[in-house]
There are 2 protein chains.
Amino acid sequence: MSETQGKILDTAEHLFGEQGYAATSLRHIIAEAGVNLAAIHYHFGSKEELLDQLVMRKAGPVNEERLALLDHYEAEAGAMPVPVDKILRAFLEPPLLRIDKSPDFAKLMGRLYSEGLMPAIAEKHFHTIKIRFLAAFGRALPLSEPELALRLQFVVGAMAHTMLFVLQTKLPGQQLSTDGAVLLRELMAFAAGGLCAPAQLLENTEESK
Amino acid sequence: MSETQGKILDTAEHLFGEQGYAATSLRHIIAEAGVNLAAIHYHFGSKEELLDQLVMRKAGPVNEERLALLDHYEAEAGAMPVPVDKILRAFLEPPLLRIDKSPDFAKLMGRLYSEGLMPAIAEKHFHTIKIRFLAAFGRALPLSEPELALRLQFVVGAMAHTMLFVLQTKLPGQQLSTDGAVLLRELMAFAAGGLCAPAQLLENTEESK
DNA sequence: GTCTATACTGAGATAGAC
DNA sequence: GTCTATCTCAGTATAGAC
């Protein structure tokens, strides 16, 4: 990777996190990075692919850590299902504990889930994650697969929304702690409570087929 | 309100919901609505204010319904706190049951929470809602105010994220029901479980002050 | 009061010189 | 590999027709 590429990626990460993807112009990035406008298109092809590279660079390690934690807990559990709160920890700890170390990353992630860019761009980066965690939760919880998938969406929504809003301390009125450890604890308790709620049947799973 | 205004609002609602705010150009809107470009700026001032009008027009009735339901439940409960699941119903039912009747609205709401436009634009439209529901939950749950506010953010995140993703049936693999009643039931169960989870202390509430 | 035509600025993208 | 020049299209602003 050339020095130009690195400078572009670093600057883009910071600016996308700070102002959002749509609001950040390529011209702003090149000015701050001290490179030429065409360099972005030469190295990345387009603004969208630049974002894609960024997601890969940042989300890659997070997802590897998630899978490693899940592997560890599954080995620990042997033939038994991994307890829900351990699966949740494997899922939530890697992203949330990065809040303190690199707020830029957290903001970027929040923005991405946010600006609706996840469906188009990041689905591929997170596909393995979804499969693995759905399976793990499926063994631990007495829920049908569609119901579980829906609840996992709730968890992801809560996480994404929170990363974005909490970091901006846009919470109404008071100052909320942006301490990643506190957020993790709260979100884990909340998500565990939600996931373990009684099944709501949801019998309409194409049984006619 | 002139006919032109109405056509612009209707078309914008549809296109913003379908493609997102940023991705929808004013020229696309005017082409579909059959009006002139400058008409938008004459009637609304800017693209952003057009969105603001849209939010007001659509979210207004939802929020009135929420407050009316909450009023009803509070009158019913008298001096007692309203049960958590009733507060949740007042909060979630009005938006979620609109999914079936007008998917455009649901998509728009999802997109808004999504594209990060809520902080800037809609905070004002939802301020009263937050105050009232925080107070109601505060009476029903043994949580400190910051902890409660955080958990309510989780609920909002789950709702927003779900409205967006479920409507696009972007869920991994299988088809998920977009039936608002089913979603409502699931989300209520999940949120109730999460809100009623044991308090995680979170004692660092500026006690030094 | 409403709407149209048109021009202005800044965005992302691209071709071709070096 | 890099940069200049340029293209198209976005949101915005204004002058003037009805």
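Please read these numbers as outputs of a predicted model, since none were measured by experiment. Chain letters run A, B, ... following the sequence lines, proteins first, then strands; residues in each count from 1.
- Between A:Ile30 atom CD1 and D:dT2 atom P the separation is 14 Å, expressed in whole Å.
- The CG atom of B:Asn36 sits 15 Å away from the C1' atom of C:dG1 (whole-angstrom rounding).
- Of the candidates C:dT6, C:dA5, C:dG12, the closest approach to any side-chain atom of B:Leu37 belongs to C:dT6.
- If you take NE2 of A:His43 and P of D:dC3, they are 9 Å apart, rounded to a whole angstrom.
- Within the structure, the salt bridge (charged side-chain N to carboxylate O under 4.0 Å, His left out) test picks out the following pairs touching residues 148-161 of chain A (sequence neighbours left out): A:Glu147-A:Arg151, A:Arg151-B:Glu186.
- Checked against a 6.0 Å centroid threshold, the rings of A:Phe190 and B:Phe190 count as neighbours.
- Here B:Ser2 does not reach the OP1 or OP2 of C:dT2: none of its side-chain N or O atoms lies under 4.0 Å away.
- Within 4.0 Å of A:Ala39, counting heavy atoms only, lies no atom of the nucleic acid at all.
- A:Arg57 and A:Glu13 are joined by a salt bridge, as a carboxylate oxygen and a charged side-chain nitrogen come within less than 4.0 angstrom of each other.
- A salt bridge is defined here as a Lys NZ or Arg NE, NH1 or NH2 lying under 4.0 Å from an Asp or Glu carboxylate O, and B:Arg132 with B:Asp71 meets this definition.
- Remark: P of D:dA10 and CG of B:Leu15 are 13 Å apart, rounded to the nearest angstrom.
- For a distance-only test at 3.5 Å, the side chain of B:Arg27 qualifies as a donor-acceptor partner of the base of D:dG11.
- Among the protein residues, A:Ile40 comes within range of no part of the nucleic acid, since none of its heavy atoms lies under 4.0 Å from any strand.
- Here the nucleotide nearest the side chain of A:His41, chosen from D:dA10, C:dT6, C:dG12, is C:dG12.
- Contact annotation for B:Thr4: backbone-only contact, meaning every heavy-atom pair under 4.0 Å involves sugar-phosphate atoms and none involves a base.
- Distance from the side chain of B:Leu26 is smallest to D:dT12 among C:dA13, D:dC3, D:dT12.
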